[in-house]
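For reference, the structure is listed below as C-alpha cells.
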2 protein chains.
Amino acid sequence: MESRRVTLKDIAKSLGVSVNTVSRALTGKDSVGEDTRARIKAEAERLGYVPNSMARSLVLGSAMTLGLVITNPSNPFYARLISTIEQRGRVHGYSLMLLVTEESPDGDRAAAETLLRWGVDGALVVPVQGDGEHWDRLNESGVPLVCLNRDFPALDLDFIGVDYEHGAYEATRHLVDGGARTLCLLEEDLPISPVADRTTGFRRALTEAGIEAGTDPVRSVPTRRRESLALPWEPEDAYRLAQDIVRGGDLPDAIMVGNDYFALGVYRALTEAGLRVPEDVLVGGFGDHPFAAYLNPPLTTVRLPAADIGTTAVDLLLQRMKGRDDHDATEKRRLPTELVVRDSSRTGKSTMT
Amino acid sequence: MESRRVTLKDIAKSLGVSVNTVSRALTGKDSVGEDTRARIKAEAERLGYVPNSMARSLVLGSAMTLGLVITNPSNPFYARLISTIEQRGRVHGYSLMLLVTEESPDGDRAAAETLLRWGVDGALVVPVQGDGEHWDRLNESGVPLVCLNRDFPALDLDFIGVDYEHGAYEATRHLVDGGARTLCLLEEDLPISPVADRTTGFRRALTEAGIEAGTDPVRSVPTRRRESLALPWEPEDAYRLAQDIVRGGDLPDAIMVGNDYFALGVYRALTEAGLRVPEDVLVGGFGDHPFAAYLNPPLTTVRLPAADIGTTAVDLLLQRMKGRDDHDATEKRRLPTELVVRDSSRTGKSTMT
DNA sequence: TTGAAAGCGCTAACAC
DNA sequence: GTGTTAGCGCTTTCAA
C-alpha cells in the first residue's frame with residue numbers, strides 16, 4: 001500500500017517497450033502485434049495498472065464528466081432526478097459532478113464557476129431563480145447546458161420541465177367538478193417558474209368555471225428558512241397557514257397545494273378543527289410522493305414525470321454536446337403530468353350529474 | 001462563443017512575460033512584482049481566464065475531489081447525507097463526484113474502479129453489502145475511505161453510522177413500557193448491518209422484558225424490486241405483510257418497523273381491518289421522515305443523526321487524507337439516535353404505574 | 001523578481 | 001508494428 005500509482009511508463013519499462021505501444025495496446029488500438037498486446041495486458045494486470053482519467057481527459061480535451069446542479073436533494077423529486085441522471089450519464093461513460101446550491105444565489109454562481117474550471121462536457125441545472133446570467137455565459141462559453149424544472153423564459157437556454165400549468169389546471173378542474181365553488185391554492189414562496197405555472201393553471205380553471213373570488217385565492221406559504229435551506233420541505237409552515245384559513249371563517253370547499261408536504265399540514269389543520277376530508281373540504285396535492293397514497297384519506301395528487309425528465313434532459317444534453325456547431329433552436333419542453341385521483345377529492349356531489 | 005479556452009500561455013503571450021510568472025501572479029505567490037501582478041490580473045480578467053482544474057490536479061497530484069457512493073438517493077436519509085457531505089466538502093475546497101449503485105454488487109465494484117481512475121482524494125461510501133473486498137483494496141491502494149451507515153465488521157475500514165442497536169432497543173422498550181407483551185418487527189430484506197443492529201436491539205429489549213415469542217417476531221418485508229432499486233421505498237410491501245399479520249389472527253400488541261415508510265403500510269393494514277392505533281396496536285417507526293409527525297396518529301419514531309453523520313464522516317476522511325502515514329486504528333463510530341414519542345405509542349395502560 | 005526547463009500521465013502525429 | 005517527438009495546461013525546480 002501507499003506505493004506510487006502504476007503508470008504506462010512502469011509497464012513500458014518493465015517490458016522494454018515504448019510507453020506509446022503500451023497505451024495503444026491497452027486502449028485497443030489495432031496497430032499492435034497480438035503477442036505484444038497479450039504481454040502488455042498481462043503485465044498491466046500483474047502490476048495492477050489503473051488508467052489515470054485526469055491525464056487522459058487533459059490530453060483528450062474532454063472531462064468525460066457531466067455537472068449536475070441541484071438546489072435540494074431532499075426534495076424527493078430532485079432525488080429521483082439525481083438517480084436517473086447519474087445512471088443515464090454513466091451508461092454513456094460519463095461521471096457525475098454534483099453541486100448543491102440550497103437556493104443560494106451565491107452558491108448558484110459558484111457552481112457555474114466550478115463547472116467551468118473542471119471543464120465538464122455538459123451541465124444539467126436546477127437553477128436558483130433570479131439572475132441566470134451566469135448560466136447563459138457558461139453556455140455561451142462552450143459548455144452545453146440544460147435547465148431542469150425551472151425555466152428562465154427570458155434566456156435562450158434549453159429547458160426540460162414539467163407541464164405544471166396543465167397539471168394544476170386539471171387537478172383544479174377535477175375539484176370543481178367534484179362540487180367545489182370556493183377554492184384556494186397554497187404555494188411555495190419562491191419566485192420560480194413552477195409556482196408561476198401552477199398558479200396560472202389554477203386560475204385558468206377557476207375562470208373557466210366562472211368562479212371569481214373576492215380575495216386572492218392563491219396563498220404563499222411563508223417558509224421559515226432554518227439552518228439550511230436544504231432541509232426537506234416541512235409541512236409545518238403550511239400547517240400554520242392552513243390553521244389561519246380555518247380560523248378565518250371563510251372555509252373554502254377545496255384546498256389545492258403546490259406540493260404534497262403542504263397537504264400534510266393541511267390535513268392536520270383540518271383534522272384538528274374537526275373537519276373531515278373530503279366531506280367538508282376537498283384536498284389536492286402535487287408530486288405524488290410515496291406517502292401520498294397512504295395518508296388517511298389517500299391524497300389526490302398530480303404525479304410528476306421525474307424519471308422522464310432525467311432521461312430526456314440527459315439525452316438532449318448529449319445531443320447538444322455532439323453537434324456543437326449546428327445551432328438548433330433551443331428546446332423548452334414541459335413533460336405531461338398525471339392526475340391521480342384518490343379519496344381526498346372523492347365526493348358524492350358533483351356538478352356533472 | 002466556442003472560442004478556445006484562455007490559458008496561462010495566452011495571458012503570457014499577450015503581456016510578453018513567461019507562463020510561469022503568470023502562474024505565480026495568479027496563484028498569489030509572493031515572488032512577483034506588484035506592478036507585474038496587477039497587469040497580469042487585469043489581463044486575465046480581460047481575457048476571461050479560468051484556471052483548468054484538471055491540469056492543476058494532474059501536476060499537483062491531487063484531484064481536489066471527494067467521491068460519494070450512494071445506493072439510493074431517494075432514501076431521505078441518504079438525501080440528507082448527500083447535502084451535508086457536498087456542503088462540508090465544498091467548504092474545504094473539494095468537489096464531489098457522485099456514484100449511485102442501486103444495491104447492485106456490480107455497480108458497487110464499478111464505483112470503486114471509477115474512483116480509482118479519477119484519483120479522488122478520498123471516498124465516502126454506503127456500500128452494497130456482501131463482498132466489500134474492493135473497498136478494502138481501494139483503501140489499501142492509497143485512497144482513504146470511510147464507510148457510511150453500513151459496516152463491514154470483518155474489514156478494517158473506518159465507519160461512521162448510526163447506533164441502530166440502541167435506537168431499536170430504546171424504542172422497543174418504550175413500547176413494552178406502554179404495555180405491549182407481544183411485539184413484532186418488520187425489517188428490510190437486505191443483508192446489511194443496520195438491519196442486523198436493529199434486530200439485535202429489538203431482541204435484547206424483548207429478552208430483558210422477559211418476553212419470549214413462540215414464532216420469530218422479526219419479519220422480513222419481501223421487497224419486490226422493480227425497474228430500479230433506486231425507487232423510493234414503497235410502503236406497499238410492508239402493507240401486504242401487515243395484512244398477513246392482521247389476518248393471521250395472532251395480532252401483536254405492538255409493531256415496530258425498520259423505516260417509516262413501512263409504518264405507512266402498517267397503518268393502512270390496521271385501519272382497513274378496523275383496528276386503531278394506538279388503542280389496539282402500538283406502532284413505532286424508524287427514521288423520523290418529514291411525514292412522520294403528520295400522520296394520523298403522529299408516528300413515534302427513532303430520529304437518525306443524518307447531518308451529524310455527514311459532517312463527522314467528512315471530517316474523519318479529511319483527517320485520514322492529511323495523515324496518510326500515521327496509522328491510527330480505524331474508527332468505527334455509531335452516533336446516537338433520539339426516540340421521538342408521539343401518539344402512535346401513547347396509551348393509558350403502562351407497566352410502570 | 002523573472003525566465004527556462006522539466007515533468008505530471010497520457011495520446012496523437014509522424015517516422016521507421 | 002513499433003519508437004520518437006510533441007503537447008494537453010499547469011506548477012515546480014533551478015538559474016539568471
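So you know, we letter chains A, B, ... as the sequences are listed, proteins then strands, and number each from 1. What's counted below: heavy atoms across the whole structure, side chains too, no hydrogens, waters or symmetry copies.
- Within 4.0 Å of B:Gly61, counting heavy atoms only, lies no atom of the nucleic acid at all.
- Classification of A:Glu140 and A:Arg137 as a salt-bridged pair fails, no side-chain N sitting under 4.0 Å from a carboxylate O.
- Across the protein-nucleic acid pair, A:Arg4 atom CZ and C:dG7 atom C1' stand 13 Å apart, rounded to whole Å.
- When distances are taken from the side chain of B:Val17 to each of D:dG3, C:dT2, C:dG3, the shortest belongs to C:dG3.
- Judged by distance alone, the side chain of B:Gln129 and the main-chain N or O of B:Asp151 form a donor-acceptor pair under 3.5 Å.
- Computed from coordinates, the B:Asp35 CG to C:dT2 C1' distance equals 12 Å when rounded to whole Å.
- For the pair B:Asn149 (side chain) and B:Gly161 (backbone), a donor-acceptor distance under 3.5 Å is absent.
- Between A:Met54 atom CE and D:dC10 atom C1' the separation is 13 Å, expressed in whole Å.
- The nearest whole Å value for the distance from the CG atom in A:Leu26 to the P atom in C:dG9 is 16 Å.
- When the side-chain nitrogen and oxygen atoms of B:Thr36 are compared with OP1 and OP2 of C:dT2, one or more of them lie within a distance under 4.0 Å.
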Next item on the list: Using a 4.0 Å cut-off on protein heavy atoms (strictly under), produce a 5'-to-3' string for nucleotides 10-16 of chain C with B for base contact, S for backbone-only sugar-phosphate contact, and - for none.
Entry: SBBB---

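- Each of B:Ser31 and A:Leu58 was matched to the nucleotide of DNA chain C holding its nearest heavy atom; the match closer to the 5' end belongs to B:Ser31.
- In this structure, CG of B:Leu47 is placed 14 Å from P of D:dG9, rounded to the nearest angstrom.
- Computed from coordinates, the A:Asp30 CG to D:dT2 P distance equals 12 Å when rounded to whole Å.
- A salt bridge is defined here as a Lys NZ or Arg NE, NH1 or NH2 lying under 4.0 Å from an Asp or Glu carboxylate O, and A:Asp106 with A:Arg109 meets this definition.
- The side chain of B:Thr21 contributes an N or O atom lying less than 4.0 Å from OP1 or OP2 of C:dG3.
- Rounding to whole angstrom units, CE of residue B:Met64 and C1' of D:dC10 are separated by 15 Å.
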Checklist line | Evaluation steps, salt bridge (Lys or Arg N to Asp or Glu O under 4.0 Å), between A:Glu113 and B:Arg90 | finding: CA-CA 13 Å; A:Glu113 169 85 12; B:Arg90 185 152 36 79; over 6 Å; no

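- Checking side-chain atoms of B:Thr311 against main-chain N and O of B:Ala307 turns up a donor-acceptor pair under 3.5 Å.
- Residues B:Arg46 and B:Glu43 are paired through a salt bridge, judged by an N-O separation under 4.0 Å between the basic side chain and the carboxylate.
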